[in-house]
*Asks:* 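Take this structure, written in structure tokens, and hold onto it; I'll ask about it next.
What you see is a predicted model, and the numbers here were worked out from it, not measured in a lab. Lettering follows sequence order; numbering is per chain, from 1.
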Amino acid sequence: MADFDRWTEKLSRGLARGTSRRSSLAWLGALATGAAVIPALPVARAATPAPSGGDKRPPVMSSNPQDPGDATTCEYWRYCAIDGFLCTCCGGTVNTCPPGTEMSPITWIGTCTNPADGRAYVISYNDCCGVSSCGQCLCNRNEGDRPQVRPQANNDYNWCLGTQSSIYNCSVAAIVGVALEDAK
Amino acid sequence: MADFDRWTEKLSRGLARGTSRRSSLAWLGALATGAAVIPALPVARAATPAPSGGDKRPPVMSSNPQDPGDATTCEYWRYCAIDGFLCTCCGGTVNTCPPGTEMSPITWIGTCTNPADGRAYVISYNDCCGVSSCGQCLCNRNEGDRPQVRPQANNDYNWCLGTQSSIYNCSVAAIVGVALEDAK
Amino acid sequence: MRTTLSSLALLLVSTTAPAFAKSAPLPEEAIPSVATLPADYPASWLLVHDFHFNALLDGRIAIVDTQNEKLPLKAQVRAAQFANYLLSRGKREIYTAETFYSRLTRGERTDAITIWDTATLEPKGEIVLPGGKRQLSVSYTGLFQFTNREKWALVANFTPAQSITVVDLDGRKVLNEIDLPGCAQIYPTGDRGFASLCADGSLISMTLDDKGAVASSKTFEGFQDIDRQPLFGMPALVGKTAWFVSYYGQLQAVDLSGAVAKPLPAKASVGTAEGGAPEWRPGGWQVIASDAKGLLYVLMSPNGREGSHKDGGTEVWVVDPVANKRLRRIDLGGLAGSITVTREAAPRLVVSRPDAKVDVFDAQSGQLVRHLGANVGANPILLVPAQ
Amino acid sequence: MRTTLSSLALLLVSTTAPAFAKSAPLPEEAIPSVATLPADYPASWLLVHDFHFNALLDGRIAIVDTQNEKLPLKAQVRAAQFANYLLSRGKREIYTAETFYSRLTRGERTDAITIWDTATLEPKGEIVLPGGKRQLSVSYTGLFQFTNREKWALVANFTPAQSITVVDLDGRKVLNEIDLPGCAQIYPTGDRGFASLCADGSLISMTLDDKGAVASSKTFEGFQDIDRQPLFGMPALVGKTAWFVSYYGQLQAVDLSGAVAKPLPAKASVGTAEGGAPEWRPGGWQVIASDAKGLLYVLMSPNGREGSHKDGGTEVWVVDPVANKRLRRIDLGGLAGSITVTREAAPRLVVSRPDAKVDVFDAQSGQLVRHLGANVGANPILLVPAQ
């Protein structure tokens, strides 16, 4: 991690970890431009083929009705800007890396609307690193995704950065906050 | 190649290269036990799934009617004991490795009956090495295949031995002789 | 303002909340967060070799919970380039024997055993294997085996000269290399020894001294008739008795419990049946398994003929080898390539299909219990129960 | 007799020749034998990046003959772990920029450029890139580019600190590293320089001295409006003019011929059409290409909306950007993710599909010429013409 841009690191770690989250978000929120409109319903998978085809999996639902949807499908609300293998299918969960991997400390983020409460949540798409491509549940959605000139809004990067290994296994989608305080 | 069993190497290279072939074959032939009967028609593929499914390829036939069949399909007569990706689909031919690979000097062999002339040919299944799995035209047939205790009759080994790299790309099927002189 | 500050800021968009109930928002979630496994894997779990034909240098061990039809894949462990693997229940460690190149496909070759913690799947150590001679072949259990009560491992080499490397797993070092010309596969015997099958049909059994050198060697001529009854390389174990099955369905036993292997006179057969074309024969990759009662399960192809022995099968025949009696036939409802039987209280027959799907049957009734789908890996060719 | 002699001998079986004509037997064939390629690849050939999602560390460059529907795959070149690549027609060399680990997935990281001979595909040399900082991302052409008349290469780094490594390909050494905070993608300019896009919407253009250090730098503010008209990262080149397309179909040009890049005032649009739901927009990975006449080909999705920009498209719209006029629409008969246009006498529009199939169309008439099938690789995401 010697080559890190320390400023970027500190900022993104703060965001990703949720530490000082409220203050960072408020601070960032003041700068928000309100450009993109996040659609309420998830759109279709992108044009990457599914890995080893198989029977459709039984759905994996959270126990919380306020977090609706099947976390093994690309249509689950939190995946609105994800790109990669869904860790839920790889031995992890929607916000936990599979055993034997290391979660990237820095990441890209998306803003996804939860259809159950109508709130826009900031989602941290951390990559799980150190094990080769999971190969299960490949998903690419791009709501709010912007060109590589805006790294934290771009899902084309391999975010296995600051980890012992840059080898990519899968991606999680963790809630790190509500987009704007006034959305409550 | 320092660790080679020199005797084995010399014998198998001789066979594979076709040098001293007639004498080796005659010598070996004298020891042959006549155990297996090679079926005249190739059997089906084994239970390994096809790679990236796709449209069926147009057939690739040799210009010689005495060498009949489509060299991109597992049913081609020479492939009676092959196991791997067919080099014909990988940038090589039925008996030539793809560019950038190295052909293994030692190998396993099979005895396949050519349906056009009824002869049993000795086929050398050399592996092409130094480039990762071709991924095209996976084929496994096992006529005459015997357990690993008989290495030159076993196609489960990676025969990328004696090459700079043991990484496996694809397999060729080269004619190195007719099985027995009296079959002519 | 060319900074990432702006890029972050622009992500946060103004949204107006529609008319939803004013519940509290979902809480923020702790990251980083990495799952762990139980250090002792349940009897329903398997270590599945995903051989990964389309990227052989990037094989994996899939840790699979056969009771979980939603999420059968619990984790993946690296198993590079024709790897082999072992699980030590006592030491709570997984061992992978692998091959690497400094430039993925070229450059310097390194063979090594990596020791992985069963709970965290983090590497705990590595033992480099000298000489770049580890046998690379389609996955057989007999290429990497424990001996000396799991303190040591034996690694098969093939260059094509054949030898065995003796490794002290606990001491993290290589002890010895044993030349074994003309013989293949390792079957551990007694406390500190192994047997192997040889090209003339004999079985050889060696005992090792405390330095890993050969202390004694005994050869049993005519153990198998490779021309008329060649044996599949991987036997099923009933206690310490290895049951081999031939290409034609003959069953042959070896007692591995003592210091020296002992071929048993008892022979049996999977039997015959109508409906084959031309006949029923064992077929597939991992074709024989046992249950806790000592019954054998053999994967059978209805299209048995020369060369069909790896074609896969559509039925499993259950045999009591001691009584030499076939008890039942299980219809798999399609082709399977590998089978195993778990040691669960209600034992399960687990089969992998050519399309990478895995199905679970009740070993007793033969009824399908659940589909796991093609959700554990690209090419699940070896199924090794965790208990 | 435990030797391989016996195993060889038993292979040779007695067969009785049936009643066939007594033609001479087929001759023995020379081995070893390895194919080579023409050192100069024809205009119908592509270098296709097979990104290999299921084994990202084992990506490849597929060398593809788009005129050969039977055997389109001519060879594969290693392209490990989010690799990038270049072809020098003059030097008859392919360059891959790759990342390796000493233990495949763990251990010591090495980034390196490998130089491959176009005819033999043998490696001719290697230049190690220091610092383990090469940008790893889905494949963009702008991450690895020539400058200084193909004597040098520029490599994008991302840690996430952004910089450019200047490499002397001919001298086989690294010259310099240029910090470039907040900017991404490399577009070579003039004899020895490059432009890049920055997070505030500006375009920056730098010239280099003969040591690879920055000689001059110029910033063009407001080159793109990343919120309202974000540009796809990969432009189409018409001569030395780069044409970028936005998520909404606006076309924007930059003259890269001089030492300093020059954004051109000329703007154009791909136009609009009925039948979109909600509207037609560019969509896919490699969405824009040019032909020798300077026409642009843009892959269009009928389901254009926020986030659709990588969804792939079903039509290609052909635009004369100078006249700002759409000339025709080509129906691809299904979804495609990437497109390119060859420089053949009769130019071909080549498209890759989500299921890895590659199809070839007549760029002028829009008629399908041939299917190449899913026969070049698992994930053909970049299509780079060899001429």
*Asks:* Nearest 0.5 Å, what's the CG-OG distance between C:Asp111 and B:Ser166?
*Replies:*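 Separation between the atoms: 7.5 Å.
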*Asks:* Tell me, do C:Pro230 and B:Arg150 make a side-chain contact under 4.5 Å, heavy atoms counted?
*Replies:*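 Not in contact.
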*Asks:* Is the shortest distance from a Lys or Arg side-chain nitrogen in C:Lys310 or B:Asp156 to a carboxylate oxygen in the other one below 4.0 Å?
*Replies:*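 Salt bridge flag = yes for B:Asp156 with C:Lys310.
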*Asks:* Kindly say whether C:Ser137 contributes a backbone atom to a donor-acceptor pair with the side chain of B:Gln148 at under 3.5 angstrom?
*Replies:*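 Between the backbone of C:Ser137 and the side chain of B:Gln148 there is no qualifying donor-acceptor contact (under 3.5 Å).
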*Asks:* Given the options C:Arg106, C:His52, C:Gln224, which has more heavy-atom pairs under 4.5 Å with chain B than any of the others?
*Replies:*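 Heavy-atom pair counts peak at C:Arg106.
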*Asks:* Are any of the side-chain heavy atoms of B:Asn158 and C:Leu56 separated by less than 4.5 Å?
*Replies:*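 When only atoms from C-beta onward are counted, C:Leu56 and B:Asn158 do not touch, as no gap falls below 4.5 Å.
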*Asks:* Nearest 0.5 Å please: distance from the CD1 atom of B:Ile106 over to the OG1 atom of C:Thr159.
*Replies:*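 Here the interatomic distance stands at 7.5 Å.
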*Asks:* Listed by chain and number, what are the salt bridge (Lys or Arg N to Asp or Glu O under 4.0 Å) partners of C:Asp225, not counting sequence neighbours?
*Replies:*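 Checked C:Asp225 against salt bridge (Lys or Arg N to Asp or Glu O under 4.0 Å); matches are C:Arg228.
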*Asks:* Of the backbone (N, CA, C, O) and the side chain (C-beta and beyond), which part of C:Phe232 lies under 4.5 Å from a heavy atom of chain B, both, or neither?
*Replies:*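 Contact with chain B: none, neither part.
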*Asks:* If I take atom CH2 from residue C:Trp285 and atom CG from residue B:Asn140, how far apart are they, to the nearest 0.5 angstrom?
*Replies:*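 Answer rounded to 0.5 Å: 8.5 Å.
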*Asks:* Using a strict cut-off of less than 4.0 Å between a Lys/Arg side-chain nitrogen and an Asp/Glu carboxylate oxygen, indicate whether C:Glu306 and B:Arg141 qualify as a salt bridge.
*Replies:*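 Between B:Arg141 and C:Glu306 there is no salt bridge, as every charged N stays at least 4.0 Å from the carboxylate O atoms.
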*Asks:* Where do B:Val149 and C:Ala199 come nearest, in terms of heavy atoms and distance?
*Replies:*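 Of all heavy-atom pairs spanning B:Val149 and C:Ala199, the closest is O-CB, 3.2 Å.
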*Asks:* Is it the side chain or the backbone of C:Leu104 that comes within 4.5 Å of chain B heavy atoms, both, or neither?
*Replies:*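 Only the backbone of C:Leu104 comes within 4.5 Å of chain B.
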*Asks:* Check whether any side-chain N or O of C:Thr105 sits under 3.5 Å from a backbone N or O of B:Val131 as a donor-acceptor pair, and report yes or no.
*Replies:*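 Answer holds: no.
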*Asks:* Could you tell me if the side chain of B:Pro147 sits less than 4.5 Å from the side chain of C:Leu197, heavy atoms only?
*Replies:*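 Counting from C-beta outward, C:Leu197 and B:Pro147 never come under 4.5 Å.
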*Asks:* Just by distance, no angles: are the side chains of C:His309 and B:Asn142 close enough, under 3.5 Å, to form a donor-acceptor pair?
*Replies:*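 No, because no side-chain N or O of C:His309 sits under 3.5 Å from a partner of the opposite role on B:Asn142.
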*Asks:* Given a strict heavy-atom distance threshold of 4.5 Å, which part of C:Phe82 is in contact with chain B: side chain, backbone, both, or neither?
*Replies:*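 Side chain only.
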*Asks:* Within the distance-only criterion (no hydrogens, no angle test), does the side chain of B:Tyr168 pair as donor or acceptor with the backbone N or O of C:Gln81 below 3.5 angstrom?
*Replies:*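 Not a single qualifying donor-acceptor pair exists.
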*Asks:* Between C:Phe51 and chain B, which part of the residue has a heavy atom less than 4.5 Å away: side chain, backbone, both or neither?
*Replies:*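 No part of C:Phe51 comes within 4.5 Å of chain B.
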*Asks:* Taking the side chain as C-beta and beyond, is there a heavy-atom pair between C:Asn54 and B:Phe85 under 4.5 Å?
*Replies:*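 They are in side-chain contact.
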*Asks:* For B:Asn169, is it the side chain, the backbone, both, or neither that has a heavy atom closer than 4.5 Å to a heavy atom of chain C?
*Replies:*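 No part of it gets close to chain C.
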*Asks:* What are the two closest non-hydrogen atoms of B:Tyr157 and C:Gln135, and how far apart are they?
*Replies:*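 Between these two residues, the closest heavy atoms are CE2-NE2, 3.3 Å.
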